[in-house]
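First up is the structure itself, then whatever we jot down about it.
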Amino acid sequence: MTNDTRSLYSQLPSIDKLLHQVDIQALIASYGQTFIAEHLRKLQEEARIIIRQEGSLPQWHSHWADELQNRISQQRKSSIKPVFNLTGTVLHTNLGRALMAESAIEAVSQVMRSAATLEYSLDGASRGHRDRAVADLLCELTGAEDACIVNNNAAAVLLMLATVAPNKEVVVSRGELVEIGGAFRIPDVMTQAGCTLKEVGTTNRTHLKDYRNAINENTGLLMKVHTSNYCIQGFTAEVHGEELAALGKEMDLPTAIDLGSGSMTDLSRLGLPAEPMPQDYLQQGIDLVTFSGDKLLGGPQAGIILGKKTWIEAIQRHPLKRALRVDKMTLAALDATLRLYQQPEKMAIEIPTLRLLTRTQTEINDMAQRLLPHFQAYYGEYYHINISSCASQIGSGSLPIESLPSVALTFEAKEGKGSQLETLAAQWRHLEKPIIGRITEGRLWLDLRCLEDENALIQALLL
Ligand SMILES: *Cc1c(COP(=O)(O)O)cnc(C)c1O
């Protein structure tokens, strides 16, 4: 070690001395001594490396507290935080899908703060299992005999297959072997559930006779999967719910459909493209239907299985159910969301997913007009800013080819350099509450469909 290095080392304050500095004491008041001392030790270690490698003191030598504060804030940035979803995708899986209704938020905070009757019945009788109350509500809304609630729809499909057709063949159309983002593939789920996939038909056409011909003594289930994130068009044929249900009855085999999104209400009555409803398939005689809680239903992440009592009872008893069950927060949020479906007048107003999907282009355009001057003031010098019509997506695989007319603020670099858009997008990603848009066709688009609090957006730009 040279004398220079030694002298630099000796200029580093001791941890003990730092801990007594006034501005570091202030940090200790917020974060506690242990946390701060640990971070100071890391900084001290870094300082020694800098001295050794660069022969100089670290640039934070005269302001350790500021550096420490920066590091702590930086660390907190990487945790889950609220953002403005202006991507134009309403149910954005990477941004957390459905927003909760106020009544669901209220219900969740209540059960978080308090003990709750999760598996406890106030009339002294045993409740059986934790899904009971919400399952009853689901039955009332859909006409199902019984219901089971698990972590997500992937779990619902897995548990259903593992219960209904273990070591058996499950017949599915080749046109419906779906892969959902994030590695959920129907064939892989089959394997994990201990079932053998029996593919029938062709990509574009599958007939009832294909299902019928595939049935043998080892067949355990006839299944359909809703092709939620793609669409086969042209010369096509698929087997409909009632046909499959009839074949199941004739052959004494259970039938199931993975609906993916599923909607609890007739979306066409809200002016939206129609999406299959679980209640329709149950009415057609399908034994089991599964769908997500946080797609079009607009509730928390959950998987819902509806269907015949005997099958649901078997599903509830399967050992995997314990591994896949939901907590009291999910059940409280789901319960509150489902209650809104009992009140059709409130549904499209209070369930954020339905409210955002049904906003009119005129309403969104009015908001764009109000916001434009604010964005002009900040960015007008470097960007051409326009109000443009665009198309929002429902997202999460729902209705992939349908889009909703919407309005966006668009930004185009005056210099015409594409990299400037990336810079702007990055700047917005680093705001206290980040703004997430979409770059396409040489412009940065902020689709305003999912923006409800325009003042909050203006505020975000100020910070
Ligand atoms: C979305 C989807 C799933 C997965 O549901 P998660 O709730 O995300 O687990 C499964 N099947 C289909 C057809 C889907 O659309």
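Worth saying up front: this structure is predicted, and the values here are computed from it rather than measured. All ligand and atom numbering here is 1-based and tracks the order in the structure. For the numbers below, each heavy atom of this structure counts, side chains included, while hydrogens, waters and symmetry mates do not.
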For Lys295, the ligand 1 atoms whose distance to one of its heavy atoms is below 4.0 Å = 1 (C), 2 (C), 3 (C), 5 (O), 14 (C), 15 (O)
In ligand 1, the atoms that come under 4.0 Å of a heavy atom of His226 are 13 (C)
Is Tyr378 atom OH crowded by more than 12 heavy atoms from other residues, nucleotides or ligands, each under 6.0 Å away?
-> yes
Enclosure of Asp123 CG (heavy-atom neighbours >12, cutoff 6.0 Å) = yes
Evaluate side-chain hydrogen bond (donor to acceptor under 3.5 Å, both in side chains) for Thr290 paired with Asp258, printing each intermediate quantity in order.
-> CA-CA 5 Å; Thr290 78; Asp258 169 13; 3.3 Å; yes
At a 4.0 Å threshold, what atoms of ligand 1 neighbour a non-hydrogen atom of Ser292?
-> 5 (O), 6 (P), 7 (O)
Between Gln301 and ligand 1, which residue portion shows a heavy-atom distance shorter than 4.0 Å: side chain, backbone, both, or neither?
-> neither
Backbone, side chain, both or neither: what part of Arg97 comes under 4.0 angstrom of ligand 1, heavy atoms only?
-> side chain
Quick one: are Arg212 and Leu247 in side-chain contact, heavy atoms under 4.5 Å?
-> yes
Which option, Leu91, Asn153, Thr93, Ile186, owns the non-hydrogen atom nearest atom 10 (C) of ligand 1?
-> Asn153
State the OG1-NE2 distance between Thr410 and His384, to the nearest 0.5 angstrom.
-> 10.5 Å
Ligand 1 to Leu259 polar contact by distance, N or O atoms, under 3.5 Å | no
What one should report as the nearest heavy-atom pair of Leu296 and Leu354 is O-CD2, 4.2 Å
